[in-house]
Amino acid sequence: MKTGGKNALAVVSYVVFSVVLFHHLWAAPQTRMLADNYQDQVFFEWVLTHAARFFTHGDSPIFTDQLNAPLGVNLMANTSILGLALPLAPITLLFGAPVTFALISTIAPAATSIAWFFMLLGCGVVRSRTAAYLGALFCGFGPAMVSQTTGHPNIAGQFMIPLILWAVFRMGTPGNPVRKGLVLAGLVLYQCFINEEVLFLAAFALLVFLLVFLRPSAMLPAARAALPALGVTALVAGTVMAYPLWHQFAGPQAYHGLPDFVHGFSADFAGFYNFSRRSILGDVTLIDKLGGPTEENTFFGWPLLLLLPAAAAALWRERVARALFVTAVVFALLSLGPVVRYKGEETTWHGPWRFLVDLPLFDSVVPTRVALVVTPLVGALLAILVDRFIVVPPVTRAEPALAVAAPAPAGPPAEGSFASEPPAARVDTDPDEEPLPVAGRWLWAAALAMALLPLVPTPQPTNDRSPAPVFFSSGVWRQHVPDQATVVVIPGGWWEGLDAMRWSVSSDIDFKIAGGYFLAPDPNDPERKAMFGPTYPQTWSLLGQVGNDGVVPQLGPEYVAQAKADLAYWKADRIILADGHGNSDAIRQTADLLFGPGEHIMDVWIWKVS
């Protein structure tokens, strides 16, 4: 088979694997939802629908007052995934946000593997297409990435990162620095509108990798060679992102740093040698206390954990492999967070993340996600292992497709830089070296199979989607709710906020809702740290208590006055209670005392308050 055919076959296989991973969701995207992360799917379906309104209503893509009325939500400071939501808006408008969500979830691991496949081959990291294929497969479908596909397509979709690395590695090679800078700027800008956290971690990892990879004598010449192109990148990307970043960090509803409890979401030390719940050998009863289904970022399993040091030792003389392994260890340690946890319990050991957690930008990183860097590093290391010790190397080596290591025209660069070595030196092997004996190759192949086969993922499970009230899904609401009115869903709480977002999506976000699920500044925190969701005024808290215990309270005039004040704060037009809510009769009676008699329409109670 010709090279193009083999590459196409690799691409198709990655897509097939991703479709199989989400085949339960694709069976009925309008009526099924991910079983392990309902709330994030609701959020993404909302922002996908909102992004489509940019084309139909001219809504701002970076801020909305349709959610969390009357304050609104800073979408630049939330995971609004505009880089995919805007281009795929036609799909959302034609088929609905659930289909678009299934599509971006499927794209994420497949495109990530495809990008790494061509990166590993094109940059000359490996010579064998088989090695690149296996390494890229791990980069896109490793346990951490499968875990992130549980409602985090913005994090699982890391297909821009290999392209950004390719552009960075070309900085010191011959060519027009303006063109190279513009290419990198475009890639960075697009990644910013998919997920900034992934971009930040990739840049941090690249810095650590280069510090390990480059010889000290090569660092300054390498930086000098890359500086013109990097300057163009900084100028262009900085100019384009100036206003969006200002809006994110200083605009309406901007926040500074994540809630303190999020900084405790670190990797559990025991997670490294266990299997994730989506791996074929994963056991939820053993690992449930080690981390949730969406953040199993370190579950490599004990066979792979044993193989990696052995592979690193065998490849230690190769600087690329050595730098990959050292960087992986650094980020694995950082992911342990400020305080190390073991089997779900905090230990007395402090992790190195404690020195970074309060620094700007680092304070917005979830510690366990630092380990996401480890997956592509391990994938590249596995590719090198296959390339050197399992696949028989060719007698001669062809020039790689991307000549990232060509010498600069102004003279030979310093030893140890990417631009200082021909492709043969870049992979640090002698093209005429003898391959391992057959027995040695089979031994490495068996060890690799034992390490990777237990990590084969199982499909993402789904549950039936709770239908929206017919009052909303049928469009009857338009006869009873004014255009762009503010709707307050009662009793008010976490799940009611998610319900309100689902009903909003089913109605194309043509009305505003109080509350919801998002990140916003805590109004009670002078440092404006983030909180999840809105504050809960007294009326919501009162109705929430009724929803919990089913007891209609005795209400004095002060409660009615407070309810009027809360309605004025929300600028509410309609109060809505869906039929079938637990203790709905008690909630309705209490609402009648607070707002006056309600009206039952189809399958909801509605109170007109303006």
Margin query: Check this for me: does any side-chain nitrogen of one of R277 and D283 sit under 4.0 Å from a carboxylate oxygen of the other?
Written below: no

Margin query: For Q148 and E296, which I'm curious about, is there any donor-acceptor pair between the side chains at under 3.5 Å?
Written below: no

Checklist line | Residue pair T149 / Q460, side-chain donor-acceptor N/O under 3.5 Å | finding: yes

Item checked: N74 side-chain N/O to H247 backbone N/O, donor-acceptor pair under 3.5 Å -> yes

Next item on the list: Test side-chain contact (heavy atoms from CB on, under 4.5 Å) on F44 and N154 and set out the steps.
Entry: CA-CA 9 Å; F44 278 111; N154 58 316; 3.2 Å; yes

Notebook entry, point to check: Is a side-chain donor or acceptor of D40 paired with a backbone partner of H152 at a separation under 3.5 angstrom?
Noted result: no

Notebook entry, point to check: Any chance the rings of Y273 and F299 have centres within less than 6.0 Å?
Noted result: no

Item checked: S364 OG to H256 NE2 distance, which is reported to the nearest 0.5 Å -> 10.0 Å

Next item on the list: Report yes if the side chains of L21 and V146 come closer than 4.5 Å at any heavy-atom pair, otherwise no.
Entry: yes

Check: What closest approach, in Å, do D36 and P461 show between heavy atoms, and which atom pair accounts for it?
Finding: OD2-CG, 3.9 Å

Next item on the list: Say whether, by atom type as modelled, one donor and one acceptor occur between the side chain of Y517 and the main chain of F532 under 3.5 angstrom.
Entry: no

Notebook entry, point to check: S335 side chain to A371 main-chain N or O, any donor-acceptor pair under 3.5 Å?
Noted result: no

Note to self: I'd like to know whether R322 forms a side-chain contact (heavy atoms from CB on, under 4.5 Å) with L315, so could you lay out the CA-CA distance, the side-chain angles of the two residues, the decisive distance to 0.1 Å, and finally the verdict.
What the structure shows: CA-CA 7 Å; R322 186 166 65 244; L315 294 166; over 6 Å; no

Checklist line | Separation between CG of L307 and CG of L452, rounded to the nearest 0.5 Å | finding: 7.5 Å

Item checked: Approximate separation, where rounding is to 0.5 Å, of L120 CG and I384 CD1 -> 8.0 Å

Next item on the list: Taking all heavy atoms of T298 and all of A267, pick out the closest pair and write down the distance.
Entry: CG2-CB, 3.6 Å

Notebook entry, point to check: Are the side chain of N195 and the backbone of I155 linked by a donor-acceptor contact shorter than 3.5 Å?
Noted result: no

Notebook entry, point to check: Under 3.5 Å, side chain of T239 to main-chain N/O of L235, donor-acceptor pair present?
Noted result: yes

Margin query: Less than 4.5 Å apart, side chain to side chain, heavy atoms only: is that true for P259 and V262?
Written below: yes

Notebook entry, point to check: Does atom CH2 of W349 have more than 12 heavy-atom neighbours from other groups under 6.0 Å away?
Noted result: no

Would you give me the side-chain donor-acceptor pairs under 3.5 Å for residues 353-363, sequence neighbours excluded?
| residue | atom | partner | partner atom | Å |
| --- | --- | --- | --- | --- |
| D363 | OD1 | L361 | N | 3.4 |

Next item on the list: Check whether any side-chain N or O of T347 sits under 3.5 Å from a backbone N or O of R341 as a donor-acceptor pair, and report yes or no.
Entry: no

Margin query: side-chain contact (heavy atoms from CB on, under 4.5 Å) for M145 and Q158? Distances and angles first, verdict last.
Written below: CA-CA 9 Å; M145 303 305 292; Q158 298 183 15; 3.6 Å; yes

Notebook entry, point to check: Are a donor atom and an acceptor atom from the side chains of S276 and S279 found within less than 3.5 Å of each other?
Noted result: yes

Margin query: Nearest 0.5 angstrom please: L75 CG to L82 CG, how far?
Written below: 7.0 Å

Can you give me every donor-acceptor pair (side chain of residues 372-379, partner residue at least two apart or in another chain, under 3.5 Å) with its distance?
none

Notebook entry, point to check: So, is the end of the R528 side chain (NZ or CZ) under 6.0 Å from the ring centre of Y255 and within 45° of the ring's axis?
Noted result: no

Check: So, for S266 and V339, which heavy atoms are closest and what is the spacing to 0.1 Å?
Finding: OG-O, 4.0 Å

Notebook entry, point to check: With a 4.5 Å limit on heavy-atom distance, are the side chains of T233 and V183 in contact?
Noted result: no

Note to self: Would you say CH2 of W246 has more than 12 non-hydrogen atoms from neighbouring residues, nucleotides or ligands within 6.0 angstrom?
What the structure shows: yes

Next item on the list: Please work out which of the three classes, parallel, tilted or perpendicular, describes the rings of W444 and F389, given edges at 30° and 60°.
Entry: parallel

Checklist line | Donor-acceptor side-chain pairing of T368 and N297 below 3.5 angstrom | finding: yes

Notebook entry, point to check: Got P143 and F138 here, is their nearest side-chain heavy-atom distance under 4.5 Å?
Noted result: yes

Next item on the list: Specify the closest pair of heavy atoms between P109 and T106, including all atoms of both residues, with the distance to one decimal.
Entry: CD-O, 3.5 Å

Next item on the list: Might you work through the side-chain contact (heavy atoms from CB on, under 4.5 Å) test for L165 and L206, ending with a clear yes or no?
Entry: CA-CA 8 Å; L165 295 177; L206 178 61; 4.0 Å; yes

Check: Which heavy atom in V47 sits nearest to a heavy atom in S80, and how many Å separate them?
Finding: CG2-O, 4.1 Å

Notebook entry, point to check: Would you say F118 and L163 make side-chain contact, with heavy atoms under 4.5 Å?
Noted result: no

Notebook entry, point to check: Is a side-chain donor or acceptor of Q191 paired with a backbone partner of V198 at a separation under 3.5 angstrom?
Noted result: no

Margin query: Counting C-beta onward and ignoring hydrogens, is there a side-chain heavy-atom pair between F325 and V212 closer than 4.5 Å?
Written below: no

Next item on the list: Measure from the side-chain N and O atoms of S113 to the backbone N and O of A110, and report whether any donor-acceptor pair falls under 3.5 Å.
Entry: no

Item checked: Test log, rule salt bridge (charged side-chain N to carboxylate O under 4.0 Å, His left out), inputs R127 and D387 -> CA-CA 7 Å; R127 301 156 293 183; D387 192 63; 3.0 Å; yes

Notebook entry, point to check: Quick one: does L184's side chain get under 4.5 Å of K180's, heavy atoms only?
Noted result: no

Next item on the list: Anything under 30° is parallel, anything over 60° is perpendicular, the rest tilted; go ahead and classify F261 against F265.
Entry: perpendicular

Note to self: Applying side chain to side chain contact (heavy atoms under 4.5 Å, CB included), can you list everything that pairs with M241, at least two apart in sequence or on another chain?
What the structure shows: M76, L189, C192, F193, E196, P244, L245

Item checked: Spacing of F275 atom CZ and I280 atom CD1 [to the nearest 0.5 Å] -> 9.0 Å

Item checked: Donor-acceptor contact present, side-chain S13 to main-chain A10, <3.5 Å -> yes

Note to self: Atom CZ of residue position F269 - does it have more than 12 heavy atoms of other residues, nucleotides or ligands inside 6.0 Å?
What the structure shows: no

Item checked: Side chain to side chain, N37 and Q39, heavy atoms closer than 4.5 Å -> yes

Checklist line | Under 3.5 Å side-chain donor-acceptor pair for Y14 and T112 | finding: no

Next item on the list: State the CG-CZ distance between L305 and F300, to the nearest 0.5 angstrom.
Entry: 8.5 Å

Notebook entry, point to check: What are the two closest heavy atoms between S147 and T294, and how far apart are they?
Noted result: OG-C, 3.1 Å

